[in-house]
Amino acid sequence: MKLVFATNNQHKLDEVRQITAPYGIEIVSLADIHCEEEIPETAETLEGNAWQKAHFVRENYGMDCFADDTGLEVEALDNAPGVYSARYAGPGHDSEANMQKLLGELAGKENRKARFRTVIALTLGGEEHTFEGIVTGRITTEKRGEKGFGYDPIFIPDGYDKTFAELGDETKNQISHRARAVSKLGEFLAHIS
C-alpha cells in the first residue's frame with residue numbers, strides 16, 4: 001500500500017516511516033508527488049488543520065493521503081500554544097524562538113504540566129478516518145538534549161526523567177504522541193489491507 005503523508009518535514013517523515021515500516025506501508029512525501037504549493041493551515045483546531053492538508057492532496061492530486069497536526073498544550077497557559085505551536089513566536093516556524101517564548105511565559109509558574117497531542121486525518125478510498133495520540137508530561141526550566149526537533153528539548157514525558165531530546169529517536173518513537181497516533185493508523189491499515 002502506498003500513501004501520501006502531507007508533509008515536507010524530513011524529521012516527521014523519517015519518524016513516521018520508522019513507525020509504519022512493520023506494517024508494509026510505503027510512505028511518500030509531498031516532494032515525492034511534486035506538490036510544491038504551500039498547503040494552508042488556517043483552521044482553529046488540530047483536527048481542522050489535518051483535514052485541510054489531507055483534503056488538499058486528495059482534491060488536487062487524487063491520491064489517498066494522511067496528514068497530521070500536532071500541538072503542545074500547556075495547562076498553566078490555558079492549553080497554549082496548541083494549534084499555534086509551530087508559529088508560537090511568529091510566522092517563521094522558529095523552534096528556538098518558540099521554546100524561549102514558552103519558557104519565558106512559564107517563568108515562576110509551579111504548574112508545568114503539558115501534553116503533546118497529534119491528530120491524523122486519513123482519506124482512503126473515499127472514506128475518512130481520524131486517529132489521535134497523546135503523551136502527557138511537563139515542561140523543563142531549561143533546554144536539555146540534542147536529539148529530536150521542535151519542543152523536544154524542553155518536554156519530559158511522564159514516567160521519564162529525560163526530555164524527548166535526551167531520550168533519542170528510538171525511545172521517542174515508541175512513546176511519543178505521533179508514535180501513538182501513527183500506530184493506530186498502521187493497525188487500522190493492516191486490518192483492511
Problem set entry | For Glu187, side-chain hydrogen bond (donor to acceptor under 3.5 Å, both in side chains) partners two or more places apart | none

Problem set entry | Contacts of type salt bridge (Lys or Arg N to Asp or Glu O under 4.0 Å), residue Lys184, not counting sequence neighbours | none

Exercise. Considering all heavy atoms of both residues, which atom of Ala54 and which atom of Thr123 are nearest to each other, and what is their separation?
Worked result: CB-CG2, 4.1 Å

Problem set entry | side chain to side chain contact (heavy atoms under 4.5 Å, CB included) assessment of Glu166 paired with Thr140 | CA-CA 12 Å; Glu166 292 173 303; Thr140 61; over 6 Å; no

For this session: Identify the two heavy atoms, one from Ala50 and one from Ala67, that lie closest to each other, and give their separation to 0.1 Å.
Result: O-CB, 3.4 Å

Exercise. Do His55 and Glu128 get their side chains close enough for a donor-acceptor pair, meaning under 3.5 Å?
Worked result: yes

Problem set entry | Test log, rule side chain to side chain contact (heavy atoms under 4.5 Å, CB included), inputs Val119 and Thr45 | CA-CA 10 Å; Val119 176; Thr45 64; over 6 Å; no

For this session: Kindly say whether Ala121 contributes a backbone atom to a donor-acceptor pair with the side chain of Thr130 at under 3.5 angstrom?
Result: no

Problem set entry | Distance-only side-chain donor-acceptor flag, Gln10 / Asp14, under 3.5 Å | yes

Seminar exercise, completed: Pro153 and Gly145 have their tightest heavy-atom pair at CB-O, 4.3 Å

Exercise. Does the side chain of His129 pick up a donor-acceptor pair with the side chain of Glu127 at under 3.5 Å?
Worked result: yes

For this session: Using distance alone, with no hydrogens and no angle criterion, decide if Ser95 and Asn98 have a side-chain donor and acceptor under 3.5 Å apart.
Result: no

Exercise. Is it the case that one hydrophobic cluster holds both Tyr84 and Ile154, taking links as side-chain heavy atoms less than 4.5 Å apart, direct or via other members?
Worked result: no

Exercise. When Glu75 is tested against each of Arg112, Arg115, Lys113, Arg138 for side-chain contact (heavy atoms from CB on, under 4.5 Å), which residue passes?
Worked result: Lys113

Exercise. For Thr118 and Asp68, does a side-chain donor sit closer than 3.5 Å to a side-chain acceptor?
Worked result: no

Problem set entry | Gap between atom NE2 of His11 and atom CG of Asp169 - 0.5 Å precision | 9.0 Å

Exercise. What about Phe56 and Met63, same hydrophobic cluster or not, with Ile/Leu/Val/Met/Phe/Trp/Tyr joined at side-chain heavy-atom distances under 4.5 Å?
Worked result: yes

Exercise. If Ile, Leu, Val, Met, Phe, Trp and Tyr residues are connected whenever their side-chain heavy atoms lie under 4.5 Å apart, and connections chain through other members, are Leu3 and Leu30 in the same group?
Worked result: no

For this session: State whether Glu132 and Arg180 are salt-bridged, where the test is any N-O pair (Lys NZ or Arg NE/NH1/NH2 against Asp/Glu carboxylate O) under 4.0 Å.
Result: no

Problem set entry | Side-chain donor-acceptor contact under 3.5 Å, Gln52 with Thr42 | yes

For this session: On the 0 to 90° scale, with breaks at 30° and 60°, tag the His177-Phe116 ring pair as parallel, tilted or perpendicular.
Result: parallel

Exercise. Between Leu185 and Leu122, is a side chain to side chain contact (heavy atoms under 4.5 Å, CB included) present by the stated rule, with each step listed?
Worked result: CA-CA 8 Å; Leu185 169 70; Leu122 169 69; 3.7 Å; yes

For this session: Could you tell me which residues satisfy side-chain hydrogen bond (donor to acceptor under 3.5 Å, both in side chains) with Asn49, sequence neighbours excluded, listed by chain and number?
Result: Asp69

Seminar exercise, completed: d(Ser85 OG, Arg117 CZ) to nearest 0.5 Å is 10.0 Å

Problem set entry | Identified side-chain contact (heavy atoms from CB on, under 4.5 Å) counterpart of Phe66 within the set Ile27, Val57, Leu124 | Ile27

Seminar exercise, completed: Of all heavy-atom pairs linking Ile25 and Gly186, the shortest is CD1-CA, 4.3 Å

For this session: Could you grab the distance from atom CD1 of Ile139 to atom CD1 of Ile156, nearest 0.5 Å is fine?
Result: 9.0 Å

Exercise. Can you check side chain to side chain contact (heavy atoms under 4.5 Å, CB included) on Glu26 and Met1, steps first, answer last?
Worked result: CA-CA 6 Å; Glu26 182 186 351; Met1 179 183 294; over 6 Å; no

Exercise. Roughly how far, to the nearest 0.5 Å, is CD1 of Ile120 from OG of Ser183?
Worked result: 9.0 Å

For this session: Keeping the roles fixed (side chain from Asn8, backbone from Ala31), state whether a donor-acceptor pair exists under 3.5 Å.
Result: yes

Exercise. Do the charged groups of Lys147 and Glu170 touch, with an N to O distance under 4.0 Å?
Worked result: no

For this session: For a ring-ring contact (aromatic ring centres under 6.0 Å, His included) with Phe155, tell me which candidate from Phe164, Phe149, Tyr160 qualifies.
Result: Phe164

Exercise. Do you know the tightest heavy-atom contact between Tyr23 and Ala190?
Worked result: CD2-CB, 3.9 Å

Problem set entry | Hydrophobic cluster membership, Ile19 vs Val28, 4.5 Å side-chain cutoff | no

For this session: Give me the one residue out of Lys101, Glu105, Gln100 that meets side chain to side chain donor-acceptor pair (under 3.5 Å) with Tyr88.
Result: Glu105

Exercise. Do Leu189 and Phe5 share a hydrophobic cluster, counting only Ile, Leu, Val, Met, Phe, Trp and Tyr and linking them when any side-chain heavy atoms are less than 4.5 Å apart?
Worked result: yes

Exercise. Do Arg17 and Asp32 meet the salt-bridge criterion of a basic N to acidic O distance under 4.0 Å?
Worked result: yes

